[in-house]
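We use all heavy atoms of the structure for the numbers below, so side chains are in, but hydrogens, waters and symmetry mates are not. Here, residue 1 is the first one in the sequence, and each next residue gets the next number.
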Amino acid sequence: MKMTFKIVSLCAILLLLGAMTLTLYAEEPQSSTVSATVIATNTPTYSVVVPTGITADDLQRTSESDFVDKEFTISVPEVLSLDGRQICVRVYGDNGVFVLQGSDGTSTLPYQVYSTANTEQALASGDVFAIFTQEGEQSGFVRIDQKDILKTDTYTGNLRFSFFVSDTEE
């Protein structure tokens with residue numbers, strides 16, 4: 001009987017607790033000020049146009065130095081927000097060397113790259129070809145000495161360019 005009384009009492013307490021309602025009160029929001037600092041930066045925007053190819057179909061094997069120059073132009077038709085910086089264009093040869101590979105896989109044909117800004121000094125792979133601080137163009141040329149053609153073949157290679165923005169002090 002005592003056990004029945006305890007169970008009935010416990011059920012009554014649980015029913016009372018289940019029937020209780022709980023009221024929550026929210027405080028009124030206090031007035032607050034939110035401040036933010038917005039910093040707008042303009043990143044440099046530019047376009048660089050490089051040649052899709054340089055063709056030298058008129059080469060002929062010679063016994064003495066006979067240079068053939070093939071011109072090309074790099075242009076920067078659009079520049080925005082440089083803010084005292086400059087666009088640098090570097091030039092690279094395949095595997096770090098300015099050389100064309102024959103179709104047979106064994107013959108090679110070296111070449112040199114010049115910027116018309118300095119026609120006395122050939123560039124090395126990785127050198128700066130041009131620097132732009134505004135829209136413009138820079139010409140250059142590939143020079144092939146025909147005495148370096150050791151056999152008749154079709155020679156191909158890649159002349160690669162990279163572009164980056166740097167401070168003008170670099």
Side-chain angles (χ1 to χ4, degrees), residues 31-170:
S31 175
S32 63
T33 304
V34 176
S35 63
T37 303
V38 177
I39 299 172
T41 58
N42 292 325
T43 58
T45 303
Y46 58 94
S47 298
V48 178
V49 179
V50 298
T52 58
I54 303 168
T55 305
D57 289 338
D58 55 348
L59 296 178
Q60 296 181 0
R61 193 165 91 170
T62 60
S63 59
E64 295 182 25
S65 285
D66 184 18
F67 296 105
V68 174
D69 294 343
K70 295 298 177 179
E71 293 188 23
F72 64 92
T73 301
I74 304 280
S75 64
V76 178
E78 178 184 0
V79 175
L80 298 171
S81 304
L82 275 181
D83 297 326
R85 291 172 282 185
Q86 61 191 11
I87 300 166
C88 295
V89 179
R90 291 188 186 271
V91 63
Y92 300 89
D94 281 337
N95 299 316
V97 183
F98 294 127
V99 65
L100 302 173
Q101 187 72 40
S103 63
D104 65 1
T106 61
S107 57
T108 59
L109 179 60
Y111 65 94
Q112 296 176 315
V113 178
Y114 291 85
S115 169
T116 54
N118 182 2
T119 59
E120 301 299 317
Q121 181 74 32
L123 298 170
S125 185
D127 281 352
V128 173
F129 174 80
I131 295 175
F132 296 93
T133 56
Q134 61 187 9
E135 296 171 355
E137 59 182 38
Q138 177 65 53
S139 295
F141 58 93
V142 170
R143 175 171 283 168
I144 299 170
D145 189 345
Q146 293 184 114
K147 78 169 174 44
D148 292 332
I149 301 172
L150 302 179
K151 63 186 268 185
T152 302
D153 202 347
T154 301
Y155 295 91
T156 59
N158 295 299
L159 182 58
R160 302 176 196 282
F161 300 92
S162 70
F163 329 106
F164 61 95
V165 175
S166 70
D167 293 331
T168 53
E169 293 84 45
E170 291 183 17

Asks: Under 4.5 Å between any side-chain heavy atoms of Q86 and C88, yes or no?
Replies: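 In contact.
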Asks: Measure the shortest side-chain to side-chain distance between V99 and Q101 over non-hydrogen atoms and say whether it is less than 4.5 angstrom.
Replies: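 Not in contact.
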Asks: Atom CG of L80 and atom CD of E135: how far apart are they, to the nearest 0.5 Å?
Replies: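 Those atoms lie 8.0 Å apart.
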Asks: With the side chain counted from C-beta on, respond yes when Y46 and V165 share a heavy-atom pair under 4.5 Å apart, and no when they do not.
Replies: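 A side-chain contact exists here, since the closest heavy-atom pair is under 4.5 Å.
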Asks: Before you tell me yes or no, could you show the steps for D94 and R160 under side chain to side chain contact (heavy atoms under 4.5 Å, CB included), namely the whole-Å CA-CA distance, both residues' side-chain angles and the distance that decides it to 0.1 Å?
Replies: CA-CA 8 Å; D94 281 337; R160 302 176 196 282; 3.1 Å; yes
Asks: Which residue is it: Y114, Y92, F72, F163? I am looking for the one with a ring-ring contact (aromatic ring centres under 6.0 Å, His included) to F129.
Replies: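 When Y114, Y92, F72, F163 are each tested with F129, the ring-ring contact (aromatic ring centres under 6.0 Å, His included) holds only for F72.
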Asks: Working to the nearest 0.5 Å, report the span between OG1 of T152 and CD of Q60.
Replies: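 Spacing of OG1 (T152) from CD (Q60) equals 10.0 Å.
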Asks: Would you mind reporting whether V91 and L159 have side-chain heavy atoms less than 4.5 Å apart?
Replies: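 Of all side-chain heavy-atom pairs linking V91 with L159, at least one is under 4.5 Å.
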Asks: To the nearest 0.5 Å, what is the distance between NZ (K70) and OG1 (T55)?
Replies: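 The NZ atom of K70 sits 8.0 Å away from the OG1 atom of T55.
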Asks: Take atom CG in N95; do more than 12 heavy atoms of anything else shown fall under 6.0 Å from it?
Replies: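 Atom CG in N95 is not crowded, with 12 or fewer foreign heavy atoms closer than 6.0 Å.
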Asks: Would you mind reporting whether L59 and Q146 have side-chain heavy atoms less than 4.5 Å apart?
Replies: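 Heavy-atom side-chain distance check passes, below 4.5 Å.
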Asks: Tell me if a side-chain donor or acceptor on D148 pairs with a main-chain N or O of L109 at a distance below 3.5 Å.
Replies: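 No; zero donor-acceptor contacts below 3.5 Å.
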Asks: Among residues two or more places apart or on two chains, list those pairs meeting side chain to side chain donor-acceptor pair (under 3.5 Å) that have a residue in residues 119-128.
Replies: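 Checked against side chain to side chain donor-acceptor pair (under 3.5 Å) - neighbours excluded - no pair reaches residues 119-128.
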Asks: Any heavy-atom pair between the side chains of Q134 and V76 that's under 4.5 Å?
Replies: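 No, side chains not in contact.
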Asks: At their closest point, which heavy atom of L100 faces which heavy atom of G157, and how far apart are they?
Replies: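 What the structure gives for the nearest pair is CD2-N, 3.6 Å.
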Asks: Side-chain contact, heavy-atom cut-off 4.5 Å: S166 with I87?
Replies: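 Heavy-atom side-chain distance check fails, nothing below 4.5 Å.
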Asks: Apply salt bridge (charged side-chain N to carboxylate O under 4.0 Å, His left out) to D145 and list each qualifying residue two or more places apart in sequence or on a separate chain.
Replies: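 K147.
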Asks: Kindly give the heavy-atom pair with the smallest separation between F161 and P51, and that separation in Å.
Replies: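 The pair with the smallest heavy-atom distance is CE1-CD, 4.4 Å.
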Asks: Could you tell me the separation between the CZ atom of F98 and the CG atom of L123, rounded to the nearest 0.5 Å?
Replies: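 Rounded to the nearest 0.5 Å, the CZ-CG separation comes out at 6.5 Å.
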Asks: Looking only at atom types and distance, does a side-chain atom of R143 sit under 3.5 Å from a main-chain N or O of D69, one as donor and one as acceptor?
Replies: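 Pair absent, no side-chain N/O of R143 close to backbone of D69.
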Asks: OG1 of T108 to CD1 of I149: how many Å apart, nearest 0.5 Å?
Replies: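 The OG1 atom of T108 sits 11.5 Å away from the CD1 atom of I149.
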Asks: I'd like to check L150 versus S107 (side-chain heavy atoms, cut-off strictly below 4.5 Å). Are they in contact?
Replies: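 Not in contact.
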Asks: Once you round to the nearest 0.5 Å, how far does CZ of F141 lie from OG of S115?
Replies: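 Answer rounded to 0.5 Å: 9.0 Å.
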